[in-house]
Amino acid sequence: MKLGQKLVLQALEKEQKRLRLKAQKAAQLSEDFINATSKISEVRRKASEILQSGELEKRIKEFDELANQERAAINLTQKDANKVFDADIKAKSELDEFSSELSFLTMRYNRGGL
């Protein structure tokens with residue numbers, strides 16, 4: 001394999017890594033979107049336990065953290081489901097297509113083609 005080919009492959013592998021991270025973030029957002037209502041219920045249950053225990057002053061930081069988690073989950077539920085899932089599918093598709101092309105190119109370079 002020539003030096004130029006190695007440099008091209010390194011650049012393409014770097015791009016593949018970027019696409020992989022993008023796909024992972026999109027998948028995580030989809031997962032969080034799906035679980036948002038469960039998260040809201042869980043957070044509210046924990047907050048209720050704190051309030052009923054009578055230890056709000058002692059556990060105010062924990063209560064504030066729960067409030068932040070609830071706000072984040074509510075914000076997720078307000079997102080457009082189609083956009084969230086479309087972004088996930090698109091990111092995965094881009095990664096798959098790019099990985100396929102990179103694999104093909106790597107194989108050709110290793111066989112002495114191009």
Side-chain angles (χ1 to χ4, degrees):
M1 186 180 311
K2 297 177 184 176
L3 177 62
Q5 291 171 336
K6 287 182 183 180
L7 293 174
V8 167
L9 286 178
Q10 287 175 349
L12 292 175
E13 287 169 354
K14 186 175 179 181
E15 178 65 12
Q16 183 183 34
K17 183 178 179 180
R18 186 191 68 77
L19 289 172
R20 187 176 295 118
L21 289 173
K22 180 181 173 184
Q24 288 172 347
K25 286 181 183 179
Q28 185 62 51
L29 180 61
S30 292
E31 188 69 26
D32 291 346
F33 181 83
I34 291 168
N35 296 325
T37 53
S38 297
K39 183 69 172 177
I40 292 169
S41 296
E42 177 187 338
V43 165
R44 287 181 179 173
R45 182 186 53 76
K46 288 180 182 178
S48 176
E49 288 173 4
I50 291 172
L51 291 173
Q52 290 175 359
S53 72
E55 300 176 344
L56 181 59
E57 290 86 25
K58 294 179 184 177
R59 299 171 69 184
I60 192 72
K61 286 184 181 180
E62 183 182 352
F63 192 79
D64 287 342
E65 178 59 32
L66 290 172
N68 290 336
Q69 290 176 13
E70 181 188 36
R71 257 185 249 114
I74 288 171
N75 288 342
L76 277 174
T77 63
Q78 294 173 349
K79 290 187 180 284
D80 183 358
N82 289 329
K83 289 182 181 179
V84 170
F85 296 127
D86 285 349
D88 184 21
I89 291 168
K90 182 180 177 188
K92 288 177 183 175
S93 177
E94 287 175 355
L95 176 61
D96 289 344
E97 288 178 24
F98 189 87
S99 295
S100 176
E101 289 297 320
L102 179 59
S103 176
F104 177 72
L105 189 59
T106 302
M107 184 177 61
R108 287 193 65 183
Y109 280 174
N110 286 335
R111 289 187 177 171
L114 292 177

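Keep in mind that what you see is a predicted model, and the values were worked out from it rather than measured.
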- Are any of the side-chain heavy atoms of Thr37 and Thr77 separated by less than 4.5 Å? yes
- Please step through side-chain contact (heavy atoms from CB on, under 4.5 Å) for the pair Arg18 and Lys14, ending with a clear verdict. CA-CA 6 Å; Arg18 186 191 68 77; Lys14 186 175 179 181; over 6 Å; no
- In this structure, CG of Asp88 is separated from NZ of Lys90 (nearest 0.5 Å) by 12.5 Å
- CD (Glu49) and CG (Leu51) are apart, to the nearest 0.5 Å, by 10.5 Å
- Message: Checking Leu9 against Lys6 for the side-chain contact (heavy atoms from CB on, under 4.5 Å) test, could you report, in this order, the C-alpha distance in whole Å, the side-chain angles of both residues, the deciding distance, and whether it holds?
- Response: CA-CA 5 Å; Leu9 286 178; Lys6 287 182 183 180; 5.8 Å; no
- Note on the structure: Note: Leu95 and Gln16 closest approach over all heavy atoms is CD1-O, 3.8 Å
- Message: Any non-hydrogen side-chain atom of Lys46 less than 4.5 Å from a side-chain atom of Ile50?
- Response: no
- Taking all heavy atoms of Ala23 and all of Ala91, pick out the closest pair and write down the distance. CA-CB, 3.7 Å
- Could you give the distance from OG1 (Thr106) to CD (Gln5), rounded to the nearest 0.5 Å? 10.5 Å
- Message: Nearest 0.5 Å, please: how far is CG in Leu76 from CD in Glu31?
- Response: 11.5 Å
- Charged N to carboxylate O under 4.0 angstrom, Glu42 versus Arg45? no
- Query: Should Ile34 and Phe85 count as side-chain neighbours, where that means a heavy-atom distance under 4.5 Å?
  - Reply: yes
- Is Lys92 salt-bridged to Asp96, going by a charged N under 4.0 Å from an acidic O? no
- Task: Show the numbers, then the answer: is there a side-chain contact (heavy atoms from CB on, under 4.5 Å) between Lys25 and Gln28?
- Result: CA-CA 5 Å; Lys25 286 181 183 179; Gln28 185 62 51; 5.7 Å; no
- Task: Carefully, step by step, assess Lys79 and Asn75 under the rule side-chain contact (heavy atoms from CB on, under 4.5 Å).
- Result: CA-CA 7 Å; Lys79 290 187 180 284; Asn75 288 342; over 6 Å; no
- Item | Rounded distance [0.5 Å steps], CD in Glu94 versus OG in Ser99 | 11.5 Å
- Do side-chain atoms of Ser48 reach the backbone of Arg44 as a donor and acceptor pair under 3.5 angstrom? no
- To the nearest 0.5 Å, what is the distance between OG (Ser41) and CD (Glu70)? 10.0 Å
- Query: So which heavy atom on Tyr109 is nearest to which on Val8, and how close?
  - Reply: OH-CG1, 3.9 Å
- Which heavy atom of Leu66 sits nearest a heavy atom of Val43, and at what distance? O-CG1, 3.0 Å
- Message: Looking at every non-hydrogen atom in both residues, tell me the closest pair between Leu12 and Phe98 and how far apart they are.
- Response: O-CE2, 3.2 Å
